[in-house]
Amino acid sequence: MNDDLYIRESSEVYDAIVVGSGISGGWAAKELCERGFKTLMIERGRVVEHRKDYIGEGVPEWKQPHRGVVNNLVTEQQKIQKECYAFNDSTKHFFGNDRDLPYQTAPGTTFSWIRGNQLGGKSLTWHRQSYRLSDHDFSANKLDGFGTDWPIRYQDLAPWYSHVEKHAGISGESAGLPQLPDGEFLPPFEMTVPEIAIKASIEENYPDRKLIMGRMAHLTEPTELHISQGRVNCQTRNECQKGCSFGAYFSTQSSTLPAAAKTGNLHIAANSVVHSLIYDEKTRRVKGVRVIDNDDLSEREYLGKIVFMCASTIGSAQVMLNSKSKAFPNGIANSSGVLGHYLMDHNYNARIEGEIPGFEDEYYQGRRPGGLLIPNFQYEPSRYNKNYVRGYSFSGDASRENWKSTGERDGIGADFKAQLSQAGKWKFWMMAQGEMLPRFENQMGLHATLKDKWGMPQLEFDCRWSDNEKLMMEDAAEVGHQMFLKAGLENVTSEFTERPVGIAIHELGTARMGRDPKTSVLNGYNQCHDIDNLFVTDGASFSSSATQNPSLTFMALTARAVDYAAKEIKAGRI
Ligand SMILES: Cc1cc2nc3c(=O)[nH]c(=O)nc-3n(C[C@H](O)[C@H](O)[C@H](O)COP(=O)(O)OP(=O)(O)OC[C@H]3O[C@@H](n4cnc5c(N)ncnc54)[C@H](O)[C@@H]3O)c2cc1C
């Protein structure tokens with residue numbers, strides 16, 4: 001590891017600059033450093049060191065000052081972040097600060113922007129569900145005409161999925177499904193007995209549906225490679241979002257950062273808010289970034305020969321929109337005018353729950369860190385529901401109620417105490433995860449006058465669910481309800497709720513890939529059509545949302561883009 005890993009001022013011209021240190025930035029840095037590029041990773045937030053800074057890890061709720069409930073003063077400061085299910089007293093320090101980074105929403109709309117502004121970004125708090133996109137997903141836009149055609153297909157990405165899966169460590173079960181390609185899996189977590197029974201029922205009643213164990217970035221059986229990274233197997237504590245000293249789940253800190261640092265080529269400028277990119281009108285290339293210091297608000301610049309934007313779908317678009325020049329008055333690499341548009345999220349708006357009778361003698365040990373999946377079964381136009389296009393998956397799991405999940409109960413004495421230690425009913429729940437169509441009107445832009453603490457224009461979101469998404473979720477609630485009843489579940493309830501866009505935390509699409517530079521920002525290698533040495537490899541590059549959790553695809557796209565860039569540089573084309 002190099003002695004000067006963390007830097008502040010520097011006049012060096014780096015081979016590569018990576019903006020952001022989350023899932024995408026970590027991969028960009030690793031791949032660049034391993035190819036010999038002297039790389040500067042720039043992160044707006046503070047340094048979070050693996051193990052040392054997981055301050056909530058291993059502290060049970062009863063030892064926390066407010067039993068896990070976040071103090072009111074802090075919740076005000078994180079009034080948006082607290083909407084996230086993973087936000088609590090042990091994780092709050094890994095979520096953004098809404099007071100310092102306010103944003104606006106168009107009248108009549110809401111948008112939940114959940115952030116992780118520290119070294120590691122949201123790789124520390126993600127839920128680790130990791131799925132490949134299929135050829136059906138890459139060709140959906142072309143086949144049904146919603147959105148621009150992805151300039152790549154599954155075969156372009158398949159080797160890169162394998163590459164990142166082997167390094168990250170993805171547990172999962174191969175299922176041979178056309179809509180959800182298999183990968184390089186570590187052994188899957190096990191289903192419980194009631195889950196196996198529900199699986200059998202669903203697959204018998206609905207030949208087009210499969211219930212599989214979720215695929216997760218967790219080490220169930222670490223390989224030599226993982227052990228050499230200092231990582232060991234998952235302890236099934238399911239407290240991952242506090243940080244994991246075992247390195248058992250994939251994060252920048254556990255996986256990509258040590259690999260990058262080991263090369264000696266990595267430098268990190270933390271607490272450095274990238275304000276804009278510096279464009280050289282003569283060479284028509286980006287030559288560096290302008291930065292505002294996170295703490296003292298002073299300004300500085302970093303220079304690099306190639307820039308990878310990995311500041312998250314919204315973060316990257318914000319910096320690019322704020323990078324104005326004579327050539328690009330509306331944001332850098334935005335000759336198409338679509339930068340900031342086609343913003344998507346996933347549509348998690350249907351939930352079904354029920355009780356599973358007949359398994360009172362079944363128990364389980366440990367807390368599995370993820371659940372089950374019914375992959376999208378409406379994955380091509382011939383399978384679409386007649387009322388809407390595209391489809392959804394279901395994810396969820398079965399568990400037994402305990403003293404906490406049954407809520408407050410009255411009682412006193414030995415009998416009451418004994419009763420509290422008994423397991424309660426088996427319950428099963430699932431949530432639909434639907435595709436959101438790419439629509440030009442769904443957008444983020446810069447506010448004309450309002451600025452944040454660092455002098456960056458505040459963001460303004462105008463993003464809403466269309467009838468397609470609403471009809472899809474109404475249908476999913478009903479379809480799930482019937483499926484639960486057929487599986488013999490009791491007291492089944494289902495609901496369609498219209499939660500804000502953004503709260504699925506799968507933002508996508510703000511600098512989309514496409515074949516035509518007039519209607520897209522990036523080519524099929526995540527390279528800007530307008531500027532050869534500028535790449536955007538996070539979710540901004542997506543041309544459609546598909547139904548799968550997207551971060552594994554960010555990893556694969558990033559690794560592939562670095563490989564391409566390195567070859568282009570060698571060939572003298574960049
Ligand atoms: C609770 C939760 C559960 C999730 N579950 C899943 C899941 O199961 N599966 C899945 O696929 N995805 C999941 N996600 C989403 C996943 O975390 C994100 O898709 C992923 O982290 C995005 O990676 P990224 O590198 O693009 O962005 P991030 O991880 O957000 O990293 C971006 C980094 O860039 C930095 N940055 C931003 N702006 C600037 C700037 N101007 N200057 C310098 N630095 C900047 C940020 O501070 C941050 O560190 C979940 C997210 C959360 C919060």
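The basis for the numbers below is simple: all heavy atoms, side chains too, and nothing from hydrogens, waters or symmetry mates. One-based numbering, in listed order, for ligands and for the atoms of each.
- No close placement of the Tyr249 and Trp126 rings is indicated, their centers lying 6.0 Å or farther apart.
- Remark: among candidates Gly315, Ala311, Ser21, the nearest residue to atom 37 (C) of ligand 1 is Ala311, based on non-hydrogen atoms.
- Near Asn549, meaning under 4.0 Å from any of its heavy atoms, are these atoms of ligand 1: 7 (C), 8 (O), 9 (N), 10 (C), 11 (O).
- Given atom 29 (O) of ligand 1, the protein heavy atom at minimum distance is Lys122 N, 3.0 Å.
- The Asn117 neighbourhood of ligand 1 comprises atoms 46 (C), 47 (O), with distances under 4.0 Å to a heavy atom of that residue.
- Closest of all the heavy-atom pairs between Gly524 and Met513 is O-CE, 3.9 Å.
- Few gaps surround CD on Gln235; more than 12 heavy atoms of other groups in view lie less than 6.0 Å from it.
- Residue contacts with ligand 1: Val273 is placed with no nitrogen or oxygen under 3.5 Å of a nitrogen or oxygen of the ligand (distance criterion only).
- In this structure, Phe461 has its ring center under 6.0 Å from that of Tyr103.
- Proximity annotation for atom 42 (N) of ligand 1: of Thr125, Val274, Leu552, Val19, Val274 comes nearest, heavy atoms only.
- Note on Asp296 versus Arg8: salt bridge recorded, some NZ/NE/NH1/NH2 to OD/OE distance being below 4.0 Å.
- For atom 15 (C) of ligand 1, the closest non-hydrogen atom of the protein is Ile505 O, 3.2 Å.
- Protein heavy atom nearest atom 49 (O) of ligand 1, with residue, atom name and distance: Glu43 OE1, 2.5 Å.
- Within the 4.0 Å heavy-atom criterion, neither part of Ser316 lies near ligand 1.
- The distance criterion of under 3.5 Å between nitrogen or oxygen atoms is not met by Asp538 with respect to ligand 1.
- Remark: Lys287 NZ is loosely packed, at most 12 non-hydrogen atoms of other residues, nucleotides or ligands lying under 6.0 Å away.
- Between Gln118 and ligand 1, a contact under 3.5 Å exists for at least one N or O pair.
- Less than 4.0 angstrom separates some heavy atom of Ser272 from each of these atoms of ligand 1: 42 (N), 43 (C).
- Ligand 1 places these atoms under 4.0 Å from at least one heavy atom of Ser24: 23 (O), 24 (P), 25 (O), 26 (O).
- Proximity annotation for atom 11 (O) of ligand 1: of Ala86, Ser551, Ala269, Ser551 comes nearest, heavy atoms only.
- Between the side chains of His167 and Ser255, at least one donor-acceptor pair of N or O atoms lies under 3.5 Å.
- Of the listed options Arg128, Met41, Met456, Arg128 places a heavy atom closest to atom 7 (C) of ligand 1.
- Short contacts between ligand 1 and Cys84, defined as distances under 4.0 Å to a heavy atom of the residue, involve ligand atoms 1 (C).
- The atoms of ligand 1 that sit less than 4.0 Å from any heavy atom of Pro550 are 11 (O).
- Seen from the ring of Trp454, Arg44 counts as a face-on cation partner, given the 6.0 Å and 45° thresholds.
- If you number the atoms of ligand 1 from 1 as listed, the ones under 4.0 Å from a heavy atom of Val319 come out as 41 (N).
- Remark: distances from the non-hydrogen atoms of Gly539 to ligand 1 are all 4.0 Å or more.
- Classified by interplanar angle (parallel below 30°, tilted 30° to 60°, perpendicular above 60°), the ring pair Phe95/Phe87 is perpendicular.
- Considering backbone and side-chain N/O atoms, Thr313 never comes within less than 3.5 Å of an N/O atom of ligand 1.
- In this pair, Tyr392 and Phe394 present their aromatic rings perpendicular. The plane angle is above 60°, beyond the 30 to 60° band.
- Annotation: atom 5 (N) of ligand 1 to nearest protein heavy atom, His127 N, 2.8 Å.
- Taking the six-membered ring for Trp and thresholds of 30 and 60 degrees, Phe554 and Phe542 have ring planes more than 60 degrees apart, a perpendicular arrangement.
- The existence of a salt bridge linking Asp15 and Lys38 is excluded, since no basic side-chain nitrogen approaches an acidic carboxylate oxygen closer than 4.0 Å.
- Backbone and side-chain nitrogen or oxygen atoms of Arg44 are examined, and one is located within less than 3.5 angstrom of a nitrogen or oxygen of ligand 1.
- The environment of NZ in Lys79 is sparse: at most 12 heavy-atom neighbours from other residues, nucleotides or ligands sit within 6.0 Å.
- Using a 4.0 Å cut-off between charged nitrogen and carboxylate oxygen, Glu173 and Arg215 do not count as a salt-bridge pair.
- Every atom of ligand 1 is numbered from 1 in the order shown, and the set under 4.0 Å from a heavy atom of Gly116 is 46 (C), 47 (O), 48 (C), 49 (O).
- Within the 4.0 Å heavy-atom shell around ligand 1 one finds Tyr85.
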